[in-house]
Each structure stands twice: as structure tokens, then as C-alpha cells.
Amino acid sequence: MSETSPRLRTELEGIPTYKPGKPAAAGGPVAYKLSSNENPYPPLPGVMESVTAAALSFNRYPDMACTGLMCELAERFGVPESHIATGTGSVGVAQQLVQATSGPGDEVIYAWRSFEAYPIITQVSGATSVQVPLTPGDVHDLDAMADAITDRTRLIFVCNPNNPTGTVVRRAELERFLDRVPRDVLVVLDEAYREFIRDIEVPDGVELYRERPNVCVLRTFSKAYGLAGLRVGFAIAHEPVAAALRKTAVPFGVSQLAQEAAIASLRAEDELLGRVGSLVCERTRVLEALRAQGWTVPETQANFVWLRLGERTTDFAAACEQAGVVVRPFAGEGVRVTIGETEANDIFMKVAEDFHRDL
């Protein structure tokens, strides 16, 4: 009997593997993980108590409709509950968006380099990626993205701030871009790092969504709120899109622990703003130090910085690891470094100083 393998979809061939940030090695020299844009602070006040209480009943399925969280989000953002959909982190909701809009023969446009999940979730759906290079300043080239729209375009991702460069697109250029997008093409404003923005010219995507039925906003509790391990994100979109997202969601995907933690986090906004403010101050310190060392670093509005290193990328990442911090390398391009604990940032900056001296 000949050996054969089950026939799988050809679209899965060649899909890039998502590379998570490398963890700190147990028992090794690495003491700090600056590779995954995680929040270095512990859970916000009230979160542990809510999660502990919810854990007593995790023999039961979670509330599939996320009723309490949906109510909380609707009140927080001033939108109808029918305009909200939840998922397993914003990346989970992003995959639902691609599934709801795009299949074989369709095109999904996004900047490159940008969030590395975009090509993966696009190819899984059978759609075609249209990658538009960033400008020389590592910013979305919105004019080129608009020029790339065809009658096959179904979805456009705009990551703002952009991961991994931290750069942003501002109100005037974003609105000009949206004016050029056909109304039957969905534009997804991926705002995973929204809470870290201090540039007043960067619009809140929720305000743009109110005026434009083809705009969807992605948010997450993984970054500023510090719930990366619980996997909960959400979209705000007009009802047809939000309803489609609920149809494509994995049933019971958001655990009850995650739902309760997210609700408690939303209710601790004062503490959240203080923590984010501290990280933004530390971001400024790191950015100024790197530029003083001679590095060309794009202005970042996220909780990380981006160093273009080209062929020296892996060497730099190895030097950081040897010194006690792990960063996120993109081979041949550069490294993304999360703003973490002050001690971790100091180690990174010392490596950067020594490395730049040897360039």
C-alpha cells in the first residue's frame, strides 16, 4: 500500500512562520525580555482579584457573547454594542477580518515592513498580499497604498503606530488617504499601541470610524493594559462588519478569565494612564540617548524603538543577549526593542553605545 499524505490547501505552502519574541533563557545570562512589546508592570489593581474569582468556575464555558465586556466597551467608547466584536487579541480579530472579507482572487494591502502577522493571515485565507514599501523614513506611504488599490482589493491594514518601526500617520494624510479608498473596501486601523501616542496630530481611529462606514478600528488589552497572556482584543466597526466578525469568531475563544480581567482593567484607567505615562517618559529617555550616541532612530509613538542595522542585525541581537537583554531582530533589516524596566533599558543602551562605536 503506497504511502500518501492527506491533501492540504495549496495556499498554505510557503506561509511564513510567525516568530514570537525570544524569551529570556532560564538559568542563562539573559535577565530581561525586550522582544515582545509586553508591559513590564504587573496587572492593574483589581485584575488579580477578578481573575481569581473567575478561575473558580473555569470548568464552565465562558460567556460566548462577552456580555459584560461588550457593555463596558460600549460605554467606554460611546458606541453601540452591536458595533463591537471581541477576539483572541487584536491579531485574532485581524484574522477574522481577513476571513470575512477576502478569499482566493482577492487582495489585501498593507505596508511593509509592518506587523508580521498580516502576510500570514492573508495567505491562510487564500487571498493575495500587496505589500507597499515604507518611505525612507519608515512611515506608511499612503499615496502609494492608494495607488495600489484595484478592483480586487477587499481590505487594507494601516498599522498606526506601525509595528515594528513605531512611526505614525497623521490626521491630514490619513483622511486624504481614506477619501481615495472606495467605499466598498474595508480599511482597518490597527491601533494596538494607541495608548502610547503623544503626537496630537495622530487621530483617534474611533473618531474616524464614526464618520466612515468602511473604517474598522482594532484595539487590544495585550500592550498598555498588560494582559498579553490572556489574549483579548476587540474591533469597533459599523454593524455589518462587526456582525461578520462575530460570525467568524472561534466559539468561546475569549476565556472568562480574560473577560473579567479586561473589565477590571478598563475600570482602573487612572492607574493605567500613570503607568503608560511612565513608559512614555522612559521611551523619551531611551530615544534621546540613542540619538546622542549617533543612531538614526525614527520618532516612535509606541512602546518600542526601531534600529535599522541591515546586515549587522543578528550581531547586535547577539550582543544584547550576551549583555543580558533579548531584543527582536528582523534579519537583514533591524531590531525592535521594547521599552521595559529601567535596568533593562540601561543595559540595551550600553550595548547600543558600544556597538555604534565599533561601526
Side-chain angles (χ1 to χ4, degrees), residues 37 39 43-44 47 50-51 54 62-101 115 117-118 121 155 157-161 163 186-197 203-210 212-269 272 276 302:
N37 299 339
N39 192 319
L44 288 160
V47 170
S50 296
V51 169
D63 174 8
M64 194 171 98
C66 297
T67 307
L69 178 56
M70 294 276 280
C71 179
E72 202 82 21
L73 288 170
E75 182 176 348
R76 168 67 178 77
F77 291 98
V79 301
E81 288 186 36
S82 62
H83 286 205
I84 301 172
T86 58
T88 54
S90 57
V91 66
V93 185
Q95 183 164 20
Q96 294 165 228
L97 283 163
V98 177
Q99 291 173 333
T101 60
F115 184 31
Y118 296 157
I121 60 180
L155 180 67
F157 283 109
V158 177
C159 192
N160 200 31
N163 177 12
L186 184 64
V187 179
V188 179
L189 303 180
D190 189 345
E191 297 184 339
Y193 302 93
R194 171 67 204 172
E195 293 82 4
F196 299 98
I197 294 175
D204 184 330
V206 176
E207 298 309 312
L208 295 175
Y209 128 89
R210 296 185 197 281
R212 299 174 185 264
N214 68 327
V215 168
C216 169
V217 181
L218 285 184
R219 297 282 179 89
T220 184
F221 286 92
S222 296
K223 308 304 181 184
Y225 287 93
L227 301 182
L230 288 179
R231 312 310 303 129
V232 55
F234 61 98
I236 297 176
H238 289 266
E239 194 161 348
V241 175
L245 286 173
R246 290 190 288 272
K247 289 179 181 179
T248 54
V250 174
F252 306 108
V254 181
S255 73
Q256 199 64 43
L257 277 67
Q259 294 179 42
E260 300 302 332
I263 292 170
S265 296
L266 286 169
R267 294 174 179 174
E269 189 165 31
L272 171 77
V276 170

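The two residues N163 and N37 have their closest heavy-atom pair at OD1-ND2, 4.1 Å. Minimum interatomic distance between E72 and L266 (heavy atoms only, all atoms of both residues): CG-CD1, 3.7 Å. For the residue pair C159 and Y118, the shortest heavy atom distance occurs at CB-OH, 3.5 Å. Listed here is the closest heavy atom pair of A74 and P80: CB-C, 4.4 Å. In terms of heavy atoms, R194 sits closest to P161 at N-CD, 4.4 Å. Contact detail for F77 and R210: the closest heavy-atom pair is O-NH2, 2.6 Å.
With hydrogens and angles disregarded, no donor-acceptor distance shorter than 3.5 Å links the side chain of N160 to the backbone of E191. Between the side chain of H238 and the backbone N or O of Y209, at least one donor-acceptor pair lies under 3.5 Å. No donor-acceptor distance shorter than 3.5 angstrom exists from the side chain of R76 to the backbone of R267, with no hydrogens or angles considered.
In this structure, CG in L227 is found 8.5 Å from OG1 in T220, a value given to the nearest 0.5 Å. One distance of note links CG of D190 with SG of C216; it measures 9.5 Å at 0.5 Å rounding. The CG atom of L230 sits 12.0 Å away from the OG1 atom of T88 when rounded to the nearest 0.5 Å. One distance of note links CG of L245 with CZ of F234; it measures 13.0 Å at 0.5 Å rounding. In this structure, CE in M70 is found 8.0 Å from OG in S82, a value given to the nearest 0.5 Å.
In this structure, E75 places its CD atom where only 12 or fewer heavy-atom neighbours from other residues, nucleotides or ligands lie under 6.0 Å away.
Contact of the P62 side chain with the V254 side chain is not registered, since no non-hydrogen atoms from C-beta on lie closer than 4.5 Å. At a threshold of 4.5 Å between non-hydrogen side-chain atoms, the residues Y225 and N39 do not count as touching.
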Should D204 and R219 be marked as a salt bridge (charged side-chain N to carboxylate O under 4.0 Å, His left out) after you check the CA-CA gap, both sets of side-chain angles, and the distance that decides it? CA-CA 11 Å; D204 184 330; R219 297 282 179 89; 2.9 Å; yes
Stepwise side-chain contact (heavy atoms from CB on, under 4.5 Å) check, L69 with V232: CA-CA 10 Å; L69 178 56; V232 55; 3.9 Å; yes
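The residue from L97, L189, I236 that alone fulfils the side chain to side chain contact (heavy atoms under 4.5 Å, CB included) condition with L218 is L97. None of V188, I121, L186 except one satisfies the side chain to side chain contact (heavy atoms under 4.5 Å, CB included) rule with V98; the exception is I121. Each of Q259, E260, Q256 was evaluated against S50; a single residue qualifies, E260, per the side chain to side chain contact (heavy atoms under 4.5 Å, CB included) test.
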